[in-house]
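The structure appears below as structure tokens.
Note that ligands are numbered from 1 as they come in the structure, with each ligand's atoms numbered from 1 the same way. The figures here come from the full heavy-atom set of this structure, side chains too, leaving out hydrogens, waters and symmetry mates. Note that the coordinates shown come from a computational prediction; the quantities given were computed from them, not determined experimentally.
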Amino acid sequence: MLQDIKGMVSDIIYRNLENNYTVFEILCDDEVFTAVGIVPDIVIGEKVKVYGEFYVHPVYGQQLKVSYLEKLLPETKDEIYLYLSSGVIKGIGQKTAKKIVEMFGDDTMRILQEEPEKLLAVRGMTPEKVERIKNMFSFQKFLKDIMTIFSQYGLSQNHAMRLFKLYGFSALGLLYDNPYFLLDVFPELDFKKVDRLAFDLGVSPDDMRRISAKIVNLLNMGSNNEGHICLPKEKLILFVSKALEQDTEKVEEALDSLIKAKRVVIDTVDGLEMVFLYGFFECERYIAEKIASMLKEYDDILDIDERISEFEKKNSIVFSQNQKKAIKMALTQGVSVITGGPGTGKTTIIKCIIEIFEQEGKKVFLCAPTGRAAKRMQQQCEKEAKTIHRLLEMTVTDSQVFFQKGPNNPLRCDVIIVDEMSMVDSYIMYYLLSATKDTTRLVLVGDKDQLPSVGAGNILKDLIRSDVVPYVRLTEVYRQSEDSFIVLNAHRINNGEFPYLQKNSDFYFIQKNSPEEILKTIVELVTKKLPNYLSADPLTDIQVLCPSKKGVVGMYNINRVLQQYLNPKDGSKKEVVYKENTFRVGDKVMQIKNNYSLEFTIIEGEEKGKVSTGIFNGDIGVIKDIDRAGSAMEIVFDDDKLVFYDFSLLDDLELSYAMTVHKSQGSEFRCIVMPVVETYPILMTRNLLYTAVTRAKELVVLVGKKSALEYMIANQKEAMRYSALYDFLKRKLKDTQLQAL
Ligand SMILES: Nc1ncnc2c1ncn2[C@@H]1O[C@H](COP(=O)(O)OP(=O)(O)OP(=O)(O)O)[C@@H](O)[C@H]1O
């Protein structure tokens, strides 16, 4: 239940200067309350009114979770003195505060707000200090005014403060002028909330700004939630027209104005008119152009066949014709794509390519889209591999990401090999290419049948589909021991065939019908049977993968239950409750959002002691300690990165005894266990199942209904992703051919 409390800030226990998350105490009628939340700058001694909800924290007891804090001005002489001497105004200490109160008495507050110039009569006051006083009151008034508006529409104080940081006092004017500008600044805001605010401010339903904002909002949502680069014009117009109850002509008019303002672009993709946000259009157009400019044949490496033979002899293998074709292609083409399922020889081919390039004295860089994929590539190729972000020397200033490497400071190498290309999105591909010289060879390796990238775009599939970039598809499977079914079954699933399910093999299925039975079986497997059977650590070696997040066998519930078994509550283990999650020392956790500025220290290996930044979506860690006073926990990510993880970031952290299949992309585990039940059809797809089983190195255990498994294998429907790269590439090739005529 929401409550409000009026009182004085009596202590500030913690404040995160980056995001204003604050833990503080409020004195109210001789009682002290602990309050937490994202609030404006406060100082001890200030009078405040806080709105929020009480909850009982298992360690810290009762706390008020603040959703809105209003600063109250002091009223009595004593209060004014306390307020002024608290340091709230820089440059005014106890002495000056006393002199001010003595001079103006009960009229002090009015003088401060309305006639601050009169303060110059006080000894020690300067015009600069008077200016500061004016600014502080203006800010408080601004915050009060904007929060009066924001709180009515369910918009947060955090957004209000961020708005002030960006636009200062002009924010309110901008808001009155066009409330929809809020969506430009914070695309994550709910359109409906801003729309209601706009309506109350008198914006008419057919206002062009409203219709334009909805168009941009839909394009943003399409890319954030479903990975679309663009949306079909006709569908978009109909949707907006229906959602806002406006004529389609009006929507077209708004679209035209957005085009004129260079906020959106319309282009034809595969014969269909598509609407793009300008940034995404530029990304895909640039990728197509850059790739086209890199597409050339090189003949500088001689005796390729002999070199390949040498590698074969040294490694006691014989490459298939197709594999040789892939190697030759990578050595001679400016851009090439190698795709194939598990065990088809992608890594072996990469090794051969590196060896031959390096024999020629060429500098080769290896990279992959995630930390874990880069680590794996480095281990397998025995050569340094970096994440693409790190290769591009990412830096973060004021929460803005910059890449040191770019067109003016390109990557100085002859060859770049990118692994796990299926996870590369349009945005990062754009930056990688903009830092790549036209004369650098690019070898892109991945499995096109895996789930697509989390970010917008369909890069790997589009490159293949365009038929413009040379590519080889590896189909023959080599990693296949007599008694292993994992790779064999992965390929069977990918071909739409039912997997071989044999008892005592490394791929088995346990039939259970109800979600409750499935959950019980998974718990038994993960906590008892599999650790014994595999001599495995349930935390690091066994991973539960879930198609969905919700439900009895969804990721959230399995995590809660497995935590009770694998890391139960125990008086000696520190823990912190955050929303529905309890995080406890010893828990396995996952970062679920890229945080480019999060600092870590390497605690193992050659780079021990090195400090760097960036913990990414999908990185797994273990909680090592929880520091209540510091409102932070120590987490070791990827076995070697120690992070002091502030409580204010906990929205970005999840338990990871179970994770979604989407989040498991690019990782491998000794054993995976997956519930197979009826859920949303979009999550019961062949490529989701294929992605899940290809994560396992030693054992796959599927628990659930055969009918659900059959459904998944038959369901080839992949979530539709609108992108343009393949079409842009085809067009680029046509243009080049025409020019050559
Ligand atoms: N032509 C070949 N003849 C014999 N063995 C091969 C051949 N090509 C690859 N292999 C072997 O097959 C196994 C799988 O190859 P590799 O690891 O290169 O495949 P991959 O496509 O990278 O697999 P994954 O994607 O699962 O990592 C390796 O043990 C490798 O030595």
Does any part of the side chain of Pro531, heavy atoms only, come nearer than 4.5 Å to the side chain of Asp537, both counted from C-beta?
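A side-chain contact under 4.5 Å is absent here.
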Non-hydrogen side-chain atoms of Thr347 and Ile349 separated by less than 4.5 Å:
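Thr347 vs Ile349: side chains apart.
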So for atom CG, which belongs to Asn532, do other residues, nucleotides or ligands contribute more than 12 heavy atoms lying within a distance under 6.0 Å?
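Above 12, so yes.
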Got more than 12 heavy atoms from elsewhere within 6.0 Å of NZ, Lys325?
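It does not: Lys325 NZ has 12 such atoms or fewer within range.
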Using distance alone, with no hydrogens and no angle criterion, decide if Asn494 and Asp449 have a side-chain donor and acceptor under 3.5 Å apart.
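The answer is yes; a qualifying pair exists.
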Under 3.5 Å, is there a donor-acceptor pair between the Ser426 and Glu284 side chains?
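Side chains of Ser426 and Glu284: pair found under 3.5 Å.
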Amino acids in close contact with ligand 1, where any non-hydrogen atom sits under 4.0 angstrom away
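Residue list for ligand 1: Ile317, Val318, Phe319, Gln323, Gly341, Pro342, Gly343, Thr344, Gly345, Lys346, Thr347, Thr348, Arg376, Tyr478, Arg479.
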